[in-house]
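Just below is one structure, and these are the notes that go with it.
These values consider heavy atoms only, across backbone and side chains, with no hydrogens, waters or symmetry-generated copies.
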Amino acid sequence: MTIEHAHTPLVLTCELRDLADTRHQHARAAVAGSEVRVGRGAYVRRGVWDELDALDRYRLRLIAFSRTRKRPPLFSHQSAAVLHGLPMIGSIPERIHVSVGRTSGGRSARGVVAHSREVGSEDIVEVDGLHSTSLLRTGIDLAATMSRPDAVVVADAIVRNGVPRLALLEAWLRAQPMRGHRRAQEVIAFADGRAESPLESVSRVSMHAGGVPQPALQVPYSDSAGPIGRVDFAWPALGVVGEADGDAKYLDAGLRGGRSAERVVLDEKVREDRLRALGLRVVRWRWTTAMDSRALETHLASAGLPFGRRTSWSECCA
């Protein structure tokens, strides 16, 4: 079920006009379980809530928060990332993030994080009727405040969608002064749109942290029968290719291209056999390995990759 701002199924107690319909009745309905309280003075029918996935429940909370404030809030950080459809590692955010001016006196409250920072008008947009930091500013804010893996996942996605790194750097300049400016600058330099999934982004971060030689990304291979396809990572001089395998490749019908999960597994086996026939060593890993730089380092070392803490990457942190 998709949330549309103009048709949100919210009941706002501040807008009640019928004397027979009171805030106390909705509060009692929430206690009884027939309604769900999604924010201060905001309720929705249980049946509607149950049909929403985690992302749409969070979006509904943002709508409720916005419609119950005297002034429209400026959503930022993780909240803005949800509005822009940016990928993030882990679960949906629990708290709502807003940006307030440095002199506004805004404070964080239960369930809400107020970030005291100035945001210029050029970095404020409207998304589904809500005020949000722009895509670029959202990427910069997250790069300055989140862990390196989380930040790179977001930055890679922004660049992958056609935004040049120069535009991110310009947004970074507009955001100054800001805490975490050096961290954000490093994330911008590391961003690479050739990383096609959060798993690939996290893998790159762990490789760099573990001293793995810099890989080439999305390298195509062919044999006498024709194209084999692109591999996620390749070290051509060392004869090693790497594949970051997420569950979605096999379980998400939208990514299977009409094939069954069993067919995908068989096709992957044939593809890997063709790569090995070229004399390549093929190494695969999943999320648990990618998230641990030492585990990924050990995994890749077993395939014959050298590594060292002083390994430099030409495109990183320039």
Side-chain angles (χ1 to χ4, degrees), residues 1-12 14-15 38-44 48 52-88 92-109 111-146 151 153-164 166-176 178 184 188:
M1 182 175 180
T2 301
I3 293 293
E4 296 181 7
H5 182 55
H7 302 93
T8 49
L10 284 171
V11 174
L12 305 179
C14 62
E15 297 178 354
V38 296
R40 187 181 66 189
Y43 298 87
V44 66
V48 171
L52 300 176
D53 62 20
L55 268 175
D56 278 336
R57 288 180 178 182
Y58 185 77
R59 292 190 186 102
L60 188 59
R61 288 179 56 210
L62 297 182
I63 294 170
F65 183 83
S66 179
R67 291 178 61 185
T68 53
R69 304 300 110 172
K70 292 182 179 179
R71 296 180 179 179
L74 176 61
F75 294 111
S76 64
H77 297 77
Q78 286 91 333
S79 295
V82 169
L83 292 175
H84 286 293
L86 289 168
M88 289 184 288
I92 305 303
E94 293 185 1
R95 297 188 291 179
I96 292 172
H97 293 258
V98 295
S99 278
V100 298
R102 290 190 175 90
T103 60
S104 70
R107 295 181 179 179
S108 297
V112 180
V113 180
H115 300 270
S116 180
R117 61 186 64 202
E118 298 296 335
V119 180
S121 59
E122 64 270 42
D123 285 315
I124 298 176
V125 298
E126 186 175 298
V127 182
D128 296 333
L130 303 175
H131 292 182
S132 169
T133 50
S134 66
L135 179 68
L136 291 174
R137 179 57 188 261
T138 300
I140 297 304
D141 287 339
L142 294 178
T145 57
M146 298 183 82
V153 165
V154 170
D156 281 355
I158 292 174
V159 177
R160 183 166 62 247
N161 288 331
V163 176
L166 178 59
L168 274 171
L169 182 59
E170 291 171 346
W172 175 83
L173 288 169
R174 290 196 299 271
Q176 303 310 312
M178 69 184 302
I188 294 170

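The closest side-chain heavy-atom distance from Met88 to Val153 is not below 4.5 Å. For the pair Ile140 and Met178, the minimum side-chain heavy-atom distance is below 4.5 Å. Contact check for His115 versus Val100: no side-chain heavy atoms found under the 4.5 Å cut-off. Contact annotation: the side chain of Leu10 approaches that of Arg67 to within less than 4.5 Å [non-hydrogen atoms, C-beta and beyond]. The closest side-chain heavy-atom distance from Arg69 to Arg40 is below 4.5 Å.
Remark: the backbone N or O of Thr133 is paired with a side-chain donor or acceptor of His84 at under 3.5 angstrom. Although no hydrogens or angles enter the test, the distance criterion places no donor-acceptor pair under 3.5 Å between the side chain of Ser99 and the main chain of Leu74.
Smallest separation of non-hydrogen atoms from Pro93 and Gln78: CG-CB, 3.7 Å. Across all their heavy atoms, Ala143 and Ala151 have their closest contact at CA-CB, 3.7 Å. Among all heavy-atom pairs drawn from Leu62 and Phe75, the shortest one is O-CZ, 3.3 Å. The two residues Ser76 and Val98 make their nearest non-hydrogen contact at OG-C, 3.4 Å. Considering every non-hydrogen atom in both Pro9 and Val48, the closest pair reads CG-CG1, 3.4 Å. Nearest heavy-atom pair, Val154 versus Pro87, reported as atom, atom and distance to 0.1 Å: CG2-O, 3.6 Å.
Here the OG1 atom belonging to Thr138 is positioned 8.5 Å from the NE2 atom belonging to His77, to the nearest 0.5 angstrom. Here Ser66 contributes atom OG and Asp128 contributes atom CG; the two are 11.5 Å apart, rounded to the nearest 0.5 Å. If you take CG on Asp123 and CD on Glu118, they are separated by 12.5 Å, rounding to the nearest 0.5 Å. Taken to the nearest 0.5 Å, the CG atom of Leu55 stands 10.5 Å off from the CG atom of Leu83. Note that CG of Leu135 is 8.0 Å distant from CG of Leu168, once rounded to the nearest 0.5 Å.
With Phe65 as the aromatic partner, Arg61 does not meet the cation-pi criteria of under 6.0 angstrom to the ring centre and within 45 degrees of the ring axis.
Among residues two or more places apart in sequence or in another chain, the side chain to side chain donor-acceptor pair (under 3.5 Å) test is passed with Arg117 by Asp141.
Atom CD of Gln176 has more than 12 neighbouring heavy atoms from other residues, nucleotides or ligands inside a 6.0 Å radius.
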